[in-house]
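Inspection log for the structure reproduced underneath, given as structure tokens.
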2 protein chains.
Amino acid sequence: MTAPMLESYVAGRWFAATDDGARIADAVTGETVVRVSSTGLDVPAMLDHARTVGGPALRELTFHQRAGLLKQLGLRLMADKDELYTLSHRTGATDRDSAVDIDGGFGTVLSYASKARRELPDDTVVLDGAVEPLGKRGTFAGQHLWTPMRGVAVQINAFNFPVWGFLEKLAPAFLAGVPTIVKPASQTAYLTEAVVRRIVESGLLPEGTVQLLSGSAAGVLDQLTGQDLVFFTGSAHTARKLRSTPSVVANSVRFNAEADSLNCSVLGPDATPDTPEFELFVKQLVTEMTVKAGQKCTAIRRALVPRELMDDVVEATRAKLAEVVIGAPGADGVTMGALASVDQRQEVLRAVKALRGVAELVAGDPDDFEVVGADKDRGAFLPPMLLRCDDLAAAEPHDVEAFGPVSTLLPYDGVAHAVELAARGQGSLVGSIVTHDEGVAREFVLGAAHQHGRILVLDRDDARENTGHGSPLPVLVHGGPGRAGGGEELGGIRGVLHHMQRTAVQASPDMLTAIGGRWVTGARRNDDGVHPFRKSLAVLRIGDSVTAGPRAVTLEDIEHFAEFTGDTFYAHMDEAAAAANPLFGGRVAHGYLIVSWAAGLFVDPDPGPVLANYGVDNLRFLTPVKPGEELTVTLTCKQISPRGGAEHGEVRWDAVVVNTEGSPVATYDVLTMVAKTWPPADGRQ
Amino acid sequence: MTAPMLESYVAGRWFAATDDGARIADAVTGETVVRVSSTGLDVPAMLDHARTVGGPALRELTFHQRAGLLKQLGLRLMADKDELYTLSHRTGATDRDSAVDIDGGFGTVLSYASKARRELPDDTVVLDGAVEPLGKRGTFAGQHLWTPMRGVAVQINAFNFPVWGFLEKLAPAFLAGVPTIVKPASQTAYLTEAVVRRIVESGLLPEGTVQLLSGSAAGVLDQLTGQDLVFFTGSAHTARKLRSTPSVVANSVRFNAEADSLNCSVLGPDATPDTPEFELFVKQLVTEMTVKAGQKCTAIRRALVPRELMDDVVEATRAKLAEVVIGAPGADGVTMGALASVDQRQEVLRAVKALRGVAELVAGDPDDFEVVGADKDRGAFLPPMLLRCDDLAAAEPHDVEAFGPVSTLLPYDGVAHAVELAARGQGSLVGSIVTHDEGVAREFVLGAAHQHGRILVLDRDDARENTGHGSPLPVLVHGGPGRAGGGEELGGIRGVLHHMQRTAVQASPDMLTAIGGRWVTGARRNDDGVHPFRKSLAVLRIGDSVTAGPRAVTLEDIEHFAEFTGDTFYAHMDEAAAAANPLFGGRVAHGYLIVSWAAGLFVDPDPGPVLANYGVDNLRFLTPVKPGEELTVTLTCKQISPRGGAEHGEVRWDAVVVNTEGSPVATYDVLTMVAKTWPPADGRQ
């Protein structure tokens with residue numbers, strides 16, 4: 001029987017190539033799972049579909065709407081994943097491995113959905129940073145903003161995480177408003193296809209926002225423009241080749257590469273065998289060697305150990321590795337599965353051979369190990385292999401990557417030396433240090449950060465909650481300099497912004513307000529006689545304002561406030577002491593008195609659409625207020641953020657309190673919740 | 001007489017090549033100014049010097065110390081610039097042109113110095129974003145931080161801005177802690193060299209932080225690692241070539257390109273000849289055509305005009321161009337100088353010829369124009385040339401760049417059409433729209449932002465203060481997608497961070513506090529019985545804290561506060577109305593009462609090192625406080641920022657107010673000024 005041809009999802013239809021394609025073998029049994037080919041696939045149609053159908057549909061939605069769809073998608077995918085686990089076995093993955101890939105992928109989608117609702121506006125534009133005044137008279141200012149690139153994100157993934165690998169790229173692209181073409185590595189593409197098919201069948205994401213290219217991506221990159229992006233995960237060799245594609249270079253296509261690196265984990269000098277950290281180090285090392293059979297671009301390839309602890313570490317790690325049971329995923333007691341293919345096994349063996357030229361194999365024998373529930377020769381099995389290299393001049397441990405269950409122990413003398421050895425990896429996705437000494441942690445992290453995208457500090461305090469050396473998290477950046485590809489993915493909203501263009505807009509305050517949707521100092525205010533607290537979101541407009549006051553501050557007021565609150569700080573109470581203060585030169589009103597009175601001046605007391613003041617941002621006391629001065633406050637509607645699915649939204653108000661001379665004494669933002677309609681539709685007040 | 005050989009500054013010494021080199025001609029007279037060559041220059045020594053001498057010296061300094069040096073440098077350079085203006089004439093630049101280049105360059109240095117002191121900490125690490133909780137128990141969290149790359153920034157500059165062009169790259173690199181190699185374009189390298197020589201002679205910047213490579217940069221890029229950076233300004237063609245250098249690709253060298261683009265300026269449909277905007281548009285167009293003889297990568301190449309206003313614009317622009325006086329910089333009445341070289345003139349004429357295939361030349365005749373005070377044939381002179389292209393199918397106006405005093409007028413119908421035409425430039429450094437209509441501005445800016453690094457909105461309101469279409473500003477990003485190179489420079493601190501590596505650190509709160517120098521929720525607090533307000537910066541430590549309270553809130557307190565402040569909002573005063581509020585369900589205390597009382601609880605009233613509370617950040621009211629509840633506040637020293645050159649510094653305190661059950665009701669940061677010593681050295685209190 002001929003194995004089925006894996007399909008691609010192109011311009012709204014499923015497409016199957018009609019040639020023979022390449023056979024993809026089950027990593028455990030060697031049987032053919034599927035055939036893969038992209039022959040005859042209409043690449044221009046795919047790009048066009050993304051650009052003219054998917055992109056525009058996505059850009060119609062606000063960030064919160066996109067997040068809502070991602071949330072529904074994540075929950076839908078989570079609800080029904082047993083079949084995927086079974087399919088995942090065929091890639092060599094145990095259930096523990098699949099949890100990282102499948103649950104990890106779906107969890108990343110959910111994490112992004114939640115992050116976007118909390119941290120992005122319910123809008124299509126992101127404002128970046130503060131308004132920059134560009135002239136002394138206040139008529140000209142700058143505001144940076146982010147808008148989505150208008151092309152397509154071509155996402156080229158590695159074989160080791162067929163689910164997480166594409167979802168961690170798709171989620172931020174989707175949120176940014178950029179459609180995706182998923183290009184999985186052929187070896188495990190059938191698992192990617194199964195998930196993409198569920199996404200398509202869910203009908204949740206707008207058509208054209210996700211397409212699938214099974215098989216070779218040849219020709220795709222040639223057709224990219226300066227609005228398109230490439231997100232690549234895989235070998236440094238392939239990254240190099242793709243990044244040099246003439247059209248990519250000529251059109252300045254954003255190219256983000258995430259390549260395997262020779263990540264290190266350091267045992268702190270304090271972490272002697274009698275400490276919890278020693279055990280944590282050994283346990284983590286064994287985990288990183290065996291999860292996904294060590295096929296992780298974040299795995300520990302170099303374990304740096306204080307010279308005097310080398311023997312202890314060898315012994316403890318060897319003992320722990322002896323407990324590992326290798327075999328068919330799902331088979332009884334199996335704790336480590338197969339590599340993705342027998343070709344991959346050959347690659348690893350070649351690398352191990354190179355390493356053995358300078359290092360001693362201290363645990364694991366590739367020629368002599370047990371396999372449970374599978375044919376050792378047909379499946380791509382290997383034992384975990386620990387090497388020890390005492391020759392610090394040797395280049396191989398810092399240079400040769402065995403992309404499998406392989407790590408090398410290296411001795412170091414002092415933290416500065418560990419930093420130096422870490423840097424010999426020439427750029428890593430991640431490093432870790434296991435120590436309970438804050439000085440050691442600080443020296444290593446600040447010394448090695450420039451070579452790393454992520455550094456984990458593991459000790460007894462975070463042991464229970466720590467997520468592990470090898471696990472990228474959606475809220476933290478993932479990537480690294482140099483050998484690691486020089487890219488950056490994830491990192492919460494940072495990963496969304498990588499799909500957007502930052503633009504500096506220069507204009508008058510009125511124009512900036514109109515463009516960015518946030519009131520800018522100097523822009524028109526509208527004081528139409530209706531107190532803005534009487535306006536629901538249905539009628540409130542940016543710029544609506546109220547000015548109230550003046551109210552004079554007396555010495556009695558200050559003393560009364562001091563007595564009532566207990567804040568008898570000398571600057572308020574003691575004329576001689578206050579006069580000696582370099583900033584005040586005499587008794588002054590409390591800052592909290594100023595803002596309390598300002599609220600008393602601007603508030604509209606009766607029930608109305610303003611439901612609550614839930615906070616204050618950026619409060620600055622600019623000029624001391626002395627007894628006899630009068631306070632006047634102006635409150636201006638600065639930003640309106642209706643909340644999807646709720647009866648209210650957030651309104652940010654610009655508040656300025658001025659003194660008798662009109663100089664600002666306090667500036668701040670007042671944050672309120674305001675009803676969408678008033679009186680509310682449900683009859684509640 | 002042989003012209004002098006231009007020197008390079010290499011590894012602490014001035015170096016002159018001994019071969020003939022290339023002759024660089026005066027743009028006005030054609031005489032040889034200098035010879036340029038890098039033959040025999042020791043490139044590896046240069047790189048090594050930057051990496052092992054300049055980088056380490058720079059990283060010893062804090063951001064504020066680096067900023068202090070830049071400020072001194074900027075002032076020193078500003079003080080003595082007449083000679084530079086004279087030299088600048090030889091590049092073809094008028095004094096107006098030189099103001100942009102020379103004063104603009106020195107001003108950028110000063111702007112960066114001031115920005116860094118205000119927005120960066122007096123430290124060597126920049127924290128990025130909020131702490132990310134990574135576990136429910138609060139024992140594991142993430143914090144992103146930026147540390148400087150440990151390599152060298154190779155800065156390859158264009159011929160048109162020999163001073164500004166290198167200083168706008170040098171200033172952010174220096175602040176980041178990254179040493180610079182300046183590689184000027186040979187044509188105007190003598191002016192760059194004159195400024196670098198002043199920098200070296202000032203002795204202000206640490207040795208190894210600035211080197212100069214006069215002549216060919218061949219071989220430099222081959223030796224870069226993943227810690228090095230390239231910042232390139234110049235032609236798209238050269239950008240492509242350099243970006244494809246195998247070592248750059250293989251080592252993921254950060255490569256920032258800023259290339260010429262076909263920038264557009266749009267006349268709004270509202271800007272008819274009777275409006276101030278019409279005149280502003282024409283004036284700006286002529287300015288951009290003539291400043292630097294149009295040799296600006298930000299100049300207006302495409303002027304988009306409502307179809308019905310085309311004739312008016314042609315007429316008005318022609319009239320204004322007729323006033324331009326071309327000739328030797330400094331000669332009487334001259335308002336536009338020469339191009340940088342006769343080769344450059346040939347390039348421009350070739351491009352104009354291509355444009356004339358589809359467009360009509362409506363002003364300026366390259367074969368018939370007057371030149372004042374110079375030989376028209378020996379100097380690289382051209383008249384400003386305005387073209388008009390009514391053929392919207394033609395590709396040339398959007399594709400062929402005449403890097404000189406040349407612009408093409410194109411008609412459009414409706415703002416959406418203008419957006420579409422703007423996008424045909426395939427990525428621009430800058431665009432502008434001249435309109436007084438907020439709807440037009442918003443539609444154009446949000447529609448075209450993805451193709452632009454910067455967009456200027458010009459109208460009667462900002463006309464007087466606006467800095468012009470063609471002027472990048474230090475506080476705004478400079479760069480653009482696609483044809484513009486896909487890079488980003490400047491943008492205030494953003495430009496500094498482009499030289500740093502962002503790293504996610506995962507650790508326990510105690511470890512994060514030790515590494516980042518900012519107290520993290522969940523980390524140790526030290527309540528040693530001494531009130532932290534009694535501690536000067538000399539003894540105060542991160543984590544020092546005080547807990548005060550409880551104090552019970554009564555209904556009388558709420559009513560009293562309402563009466564005193566005037567804040568009689570119904571949620572505080574009216575039980576029935578407050579009960580109907582969806583958030584409160586009964587009368588609650590004022591938020592300002594809570595923070596006022598908290599201050600009353602934690603404050604230490606007597607004169608001491610805490611001089612003032614100058615602000616509050618991120619105040620959030622989390623749970624309503626009802627009568628009968630008790631408040632307790634904990635204040636913890638979060639961040640200490642001594643201010644260089646002052647007797648005090650800023651201290652940020654974490655404040656948490658909890659209710660009777662211990663649930664937080666308010667969280668915020670309190671900002672104070674604290675003396676460095678107490679009692680102060682000068683005897684003042």
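Order of the sequence lines fixes the chain letters, A, B, ..., with proteins taken first and strands second; residue numbering starts at 1 for each chain.
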Q: Find the one option among A:E438, A:H452, A:R442 whose heavy-atom pairs under 4.5 Å with chain B are most numerous.
A: A:E438
**Q.** Region of B:I455 that comes under 4.5 Å of a non-hydrogen atom in chain A
**A.** both
Q.
Less than 4.5 Å to any heavy atom of chain A: does that hold for the side chain of B:E443, its backbone, both, or neither?
A. neither
Q) Checking heavy atoms, do the side chain of B:D510, its backbone, both or neither come under 4.5 Å from chain A? A) both
Q. Using the ring of each side chain (for Trp, its six-membered ring), is A:F561 parallel, tilted or perpendicular to B:F561, with breaks at 30° and 60°?
A. tilted
(Q) Less than 4.5 Å to any heavy atom of chain B: does that hold for the side chain of A:V595, its backbone, both, or neither? (A) both
Q. Chain A heavy atoms under 4.5 Å from B:V475: which part of the residue, side chain, backbone, both or neither?
A. both
Q. Given the options B:I493, B:D604, B:T147, which has more heavy-atom pairs under 4.5 Å with chain A than any of the others?
A. B:T147
Q: Give, as side chain, backbone, both or neither, the part of A:L456 having an atom under 4.5 angstrom from any heavy atom of chain B.
A: both
Q.
Taking every non-hydrogen pair under 4.5 Å, which of B:G486, B:P605, B:G485, B:G566 racks up the most with chain A?
A. B:P605
Q) Side chain, backbone, both or neither: which part of A:L593 has a heavy atom under 4.5 Å from chain B? A) side chain
Q: Tell me, for B:D606 versus chain A, whether the close heavy atoms (under 4.5 Å) come from the side chain, the backbone, both or neither.
A: backbone
(Q) Heavy-atom cut-off 4.5 Å, strictly under: side chain, backbone, both or neither for B:F444 against chain A? (A) neither
Q. So among B:V616, B:N613, B:D617, which one has a side chain to side chain contact (heavy atoms under 4.5 Å, CB included) with A:L619?
A. B:V616
Q. Heavy-atom distance under 4.5 Å to chain A: side chain of B:V445, backbone, both or neither?
A. side chain
Q: Pick one of side chain, backbone, both or neither for A:F255, based on which atoms fall under 4.5 Å of a heavy atom in chain B.
A: neither
Q: Give, as side chain, backbone, both or neither, the part of A:A257 having an atom under 4.5 angstrom from any heavy atom of chain B.
A: neither
**Q.** Contact class of B:D128 relative to chain A, heavy atoms under 4.5 angstrom
**A.** both
(Q) Please classify the contact between B:P148 and chain A as side chain, backbone, both or neither, with a heavy-atom cut-off of under 4.5 Å. (A) backbone
Q. Which atom names give the shortest non-hydrogen contact between B:A599 and A:D567, and what distance separates them?
A. CB-OD2, 3.8 Å
Q.
Under a 3.5 Å distance rule, please check whether A:D437 uses its side chain to pair with a backbone N or O of A:G439 as donor and acceptor.
A. yes
Q. Is it the backbone or the side chain of B:E132 that comes under 4.5 Å from a heavy atom of chain A, or both, or neither?
A. side chain
(Q) Looking only at heavy atoms and a cut-off of under 4.5 Å, which of B:R464, B:K136, B:R243 has the most pairs with chain A? (A) B:R464
Q: Could you tell me which of A:G615, A:S596, A:A514, A:G226 has the largest number of non-hydrogen atom pairs under 4.5 Å with chain B?
A: A:S596
Q) Any side-chain heavy atom of B:V430 sitting closer than 4.5 Å to one from B:H478? A) no
Q | Toward chain B, the part of A:V125 with a non-hydrogen atom under 4.5 Å | A | side chain
Q: Below 4.5 Å from any heavy atom of chain A, which atoms of B:A571 appear? Answer side chain, backbone, both or neither.
A: neither
Q. Roughly how far, to the nearest 0.5 Å, is CZ of B:R150 from NE2 of A:H450?
A. 4.5 Å
Q) Given a strict heavy-atom distance threshold of 4.5 Å, which part of A:L671 is in contact with chain B: side chain, backbone, both, or neither? A) side chain
Q. Between A:E488 and A:R494, is the closest basic N to carboxylate O distance under 4.0 Å?
A. no
**Q.** Most contacts with chain B, counted as non-hydrogen pairs under 4.5 angstrom, among A:M149, A:H572, A:H648, A:Q451
**A.** A:Q451
Q. Between B:N251 (side chain) and B:V253 (backbone), is there a donor-acceptor pair under 3.5 Å?
A. no
Q. Among A:M573, A:R483, A:R551, A:H237, who wins on heavy-atom pairs under 4.5 Å with chain B?
A. A:R551
Q. Measuring heavy-atom distances to chain A, does B:L145 have an atom under 4.5 Å in its side chain, in its backbone, in both, or in neither?
A. side chain
Q) What option among A:F140, A:Y592, A:W597 has the most heavy-atom pairs under 4.5 Å with chain B? A) A:F140
Q. Looking at B:G453, B:G135, B:A441, which has the largest count of heavy-atom pairs under 4.5 Å with chain A?
A. B:G453
Q. Which answer fits A:R240, side chain, backbone, both or neither, if we ask what part of it has an atom under 4.5 Å from a heavy atom of chain B?
A. both
Q) So do A:L611 and B:P582 actually touch side chain to side chain, heavy atoms under 4.5 Å? A) yes
Q. Of the backbone (N, CA, C, O) and the side chain (C-beta and beyond), which part of A:D557 lies under 4.5 Å from a heavy atom of chain B, both, or neither?
A. both
Q | Side chain / backbone / both / neither for B:T225 at chain A, heavy atoms under 4.5 Å | A | neither
Q: Measure A:Q506 against the heavy atoms of chain B and call it side chain, backbone, both or neither at under 4.5 Å.
A: both
Q. With only heavy atoms counted, which part of B:A449 is less than 4.5 Å from chain A, the side chain, the backbone, both or neither?
A. both
Q | Aromatic plane relationship, B:F564 with A:H560 - under 30° parallel, 30 to 60° tilted, over 60° perpendicular | A | tilted
(Q) I need the residue from A:F533, A:Y668, A:F584 with the largest number of non-hydrogen atom pairs under 4.5 Å to chain B. (A) A:F584
**Q.** Winner by heavy-atom pair count (cut-off under 4.5 Å) against chain A, out of B:D574, B:I515, B:L458
**A.** B:I515
